[in-house]
Protein chains: 2
Amino acid sequence: MKDVVTIKEIARQLNVSPSTVSRALQNHPRISSHTREAVHALANQLKYLPSTTARNLQRGRTGVIGMVLPEIRENFFSEVINGVEELAFEHQVTVALYQSHDRFDREKQILTVLASNRVDGVLLSVAKETQQIHHIQELLDRQIPLVLFDRIPPHIAAHQVECNMEKGAYEATKWLARRGHRRIALLNGPHALIASEERYRGYITALVEEGLPVENALIKRSDLTTQETALKMNQLLSSATRPDAVLTFNDYVALDAMQVCRSYGLVVNQDISFVSFANLPLNMYLEHPPLASVEQHPYQIGFMAAEILLNVINGVIAPTDLQKVILEPELIVRQQDAIS
Amino acid sequence: MKDVVTIKEIARQLNVSPSTVSRALQNHPRISSHTREAVHALANQLKYLPSTTARNLQRGRTGVIGMVLPEIRENFFSEVINGVEELAFEHQVTVALYQSHDRFDREKQILTVLASNRVDGVLLSVAKETQQIHHIQELLDRQIPLVLFDRIPPHIAAHQVECNMEKGAYEATKWLARRGHRRIALLNGPHALIASEERYRGYITALVEEGLPVENALIKRSDLTTQETALKMNQLLSSATRPDAVLTFNDYVALDAMQVCRSYGLVVNQDISFVSFANLPLNMYLEHPPLASVEQHPYQIGFMAAEILLNVINGVIAPTDLQKVILEPELIVRQQDAIS
DNA sequence: CGGTTTTGCACAAACGTTTGCACACCTCAG
DNA sequence: CTGAGGTGTGCAAACGTTTGTGCAAAACCG
């Protein structure tokens, strides 16, 4: 059971002090080239790797950033992680990944673990359940740099990165109106998510601008489960005058809703058109994808969130100099030829 | 700038020694209940959290397991992470996530970082590019517990968790044959992946058992890019006698191949049937999903891999007692009614 | 009451680094 | 020749824990 090679071992074999070895490895100018080379040679030979733990203890940082999000399997978040990981790896920072599974207590527990682990910073997208922010405030009280992304609770003094969904909803609605749709429904997400409110505002603004009436019967909320989405879509379809287009909270909601339409014998994007958010890659494989989808640039969100966090950690940005980045969404139009 | 609360600070305020505080916090029996309670009280009041770094340095472990995989965004791997994270969180272990993006040099670099970080163990699914295992062997030489999952290179003395794809391919092929298909093509993955070989073997075995001829013209390999899949599918369709069914490496390959079929004016699952691997959730949303798909139980794979790793780390399993878990796949049949 | 055991705590070393400081030697200028 | 400055290295403290050992006081036993 060969032991792990440490600086002390190299020092012993070379008859120098550990401090000399440490400096030699860092190419300190006060170490003679003779010693330096000997140290490097032996280090290579013994396959020495510095202990990040020890170094971090000494330096007072951990080289770890905690990343907390609801569900990895959601494509959106996978892409965010992608962006984060890219930058983190470049900066030799480890990404510790945690899922809240949209549960408040789990999120709370995770933040405690992160504080105990003395992570250098945290990237957080809150759980659906999260209504209060006390646990987040505690993190801030411990001076741990925090960047919130995508799902951002109100009234919290942290850096933020998100995509302007109000504008996305606005443009999507406008696009539908311009294509001649007159009864545009909104199949929105739950109240608790700011994202729902943003979509709502953009939707309303666009309707008003286009001179279309706002009808409450055309506005529904789903908790994003297939069941509830189906229920709400059913309500929309069984109303007196059916919508001729639906703007959905995201692609999954759109797909669930489309299933319901088919069960009514409707031809999707012909009898009733869909536009949604997320622009999932799976849309490429669908025979009848939403006509358009609002791209939220998740990779960019992750990348920018990580960039801000690393800048705060490295002192490039003062912790108090709160950053708020709002990315522009992009309406990706898939087919132009739907209305026959 | 309030400093981080340490054990020393508590000791100072209580006029006891740091060691007493440490023991009190661990509920050591030799500490009086009086002191113990005082310590706990003050620790709570000051919101003391132990420094994991310091503890780990002292204990000689880090409480971190490294997880290296090709692409997070692939649904399969997201689910694996899910399984890992579940168990890791329960065991108070941090999961450090790294993506190789299927590149060999990146994978190599990541393993070095992990060794330097003194992770307690590593979960690895190798990159497509990876042909040699020297870098993996180095990890083992450093006595770092390693569990390989899903993509497992040959000839390596590490624990392994995978899904029996040979059997999956066998059952899928058999299922097609029993449905009356006589010209069953195999649109396989690249040579380098063992998974491809396993599928190949299962496919052949089933054909032979069913008394069907093995035709090389019906066996193609794709590197899993859309372009190459399209190319190979084209070859299959432009051959003298077209296949009446295709077994594809995974759902994505199936979807890409289906697009090609449509461009030939073929009706998917009627003129030509598809069966694939992965059983992606997106199948639920397709109008013409593969008739059946082999479920590989990614969550289970992650869970079991993590279980083995944690057992090795905790000494429950001797590192030399090599575990090899082979999960049984499950053929999920979507529609029974395709052939008209 | 003398001796043994138990109880409660402090001291110090250790984990593997980094880094301020001291010190010895060497060089060179005045 | 003397002092200043430069060069190469070692010592020791520090980061925040844990834990073996030692030691005094208290409690117990016959």
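These figures come from a predicted structure and were not determined experimentally. Labels below follow one simple rule: chain letters A, B, ... track the order of the sequence lines, proteins then strands, and each chain is numbered from 1.
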- Would you kindly give the CG-to-C1' distance between Leu14(A) and dT9(D), to the nearest whole Å? 13 Å

- Item | Under 4.0 angstrom between Ser17(B) side-chain N/O and dA10(C) OP1 or OP2 | yes

- When you check the side-chain N and O atoms of Ser22(B) and Gln26(B), is any donor under 3.5 Å from an acceptor? yes

- d(CG, Asn15(A); P, dG10(D)) in whole Å: 9 Å

- Rounding to a whole Å, what distance do you find between Asn56(A):CG and dC15(C):P? 19 Å

- Query: Does dT18(C) have OP1 or OP2 sitting under 4.0 Å from an N or O in the side chain of Ser22(A)?
  - Reply: yes

- Query: So which one's nearest nucleotide on DNA chain C is more toward 5', Leu57(B) or Val16(B)?
  - Reply: Val16(B)

- Task: Go through the side-chain N and O atoms of Thr62(A) and Asn56(A) and say whether any donor and acceptor fall under 3.5 Å apart.
- Result: no

- Query: Would you say the side chain of Arg23(B) and the base of dG20(D) hold a donor-acceptor pair, judged only by whether the two atoms sit under 3.5 Å apart?
  - Reply: yes

- Separation of Asn27(A) atom CG from dT19(C) atom C1', in whole Å? 16 Å

- Nearest listed nucleotide, side chain of Ser32(B), among dC11(D), dG8(C), dA10(C): dG8(C)

- Item | Touch class at under 4.0 angstrom, heavy-atom based, for Arg30(B) against every strand present | base

- Query: Does the side chain of Gln26(B) get closer than 4.0 angstrom to OP1 or OP2 of dT18(D) through an N or O atom?
  - Reply: yes

- Message: By the 4.0 Å heavy-atom rule, please label Arg118(A) as base, sugar-phosphate, or nothing.
- Response: sugar-phosphate

- Query: Which is true for Ser19(A) with a 4.0 Å heavy-atom rule: it touches a base, it touches only sugar-phosphate, or it touches nothing?
  - Reply: base

- Query: Rounded to the Å, how far apart are Ile31(A) CD1 and dG10(D) C1'?
  - Reply: 10 Å

- Taking for Arg59(B) and for Arg36(B) the nucleotide of DNA chain C with the nearest heavy atom, the one nearer the 5' end belongs to Arg36(B)

- Task: Have a look at Ile7(A) and say if it touches a base, only the backbone sugar-phosphate, or nothing, with a 4.0 Å heavy-atom cut-off.
- Result: sugar-phosphate

- Message: Between Thr52(A) and Asn117(B), do the side chains contain a donor N or O and an acceptor N or O under 3.5 Å apart?
- Response: yes

- Query: Using a cut-off of less than 4.0 Å, is there contact between a side-chain N or O of Thr20(B) and OP1 or OP2 of dA10(C)?
  - Reply: yes

- Item | Backbone N/O of Ile152(A) and side chain of Glu162(A): donor-acceptor pair under 3.5 Å | no

- Query: Taking the side chain of Arg55(B) as heavy atoms from C-beta outward, which of dT18(D), dT18(C), dG16(C) is closest to it?
  - Reply: dT18(D)

- Query: Between dC15(C) atom C1' and Glu9(A) atom CD, what is the distance in whole Å?
  - Reply: 16 Å

- Testing dT17(C), dT18(D), dG20(C) for proximity to the side chain of Ser51(A), the answer is dT17(C)

- Item | Selected nucleotide, minimal atom distance to Thr35(B) side chain, candidates dG20(D), dC9(C), dA14(C) | dC9(C)

- Query: When you check the side-chain N and O atoms of Tyr98(B) and Thr94(A), is any donor under 3.5 Å from an acceptor?
  - Reply: yes

- Query: How long is the line joining NE2 of His28(A) and P of dT17(C), in whole Å?
  - Reply: 18 Å

- Query: Between Arg106(A) and Phe89(B), is NZ or CZ placed under 6.0 angstrom from the six-membered ring centre and within 45° of the ring axis?
  - Reply: yes

- Protein-nucleotide distance (Gln58(B), atom CD; dA14(D), atom P), rounded to Å: 19 Å

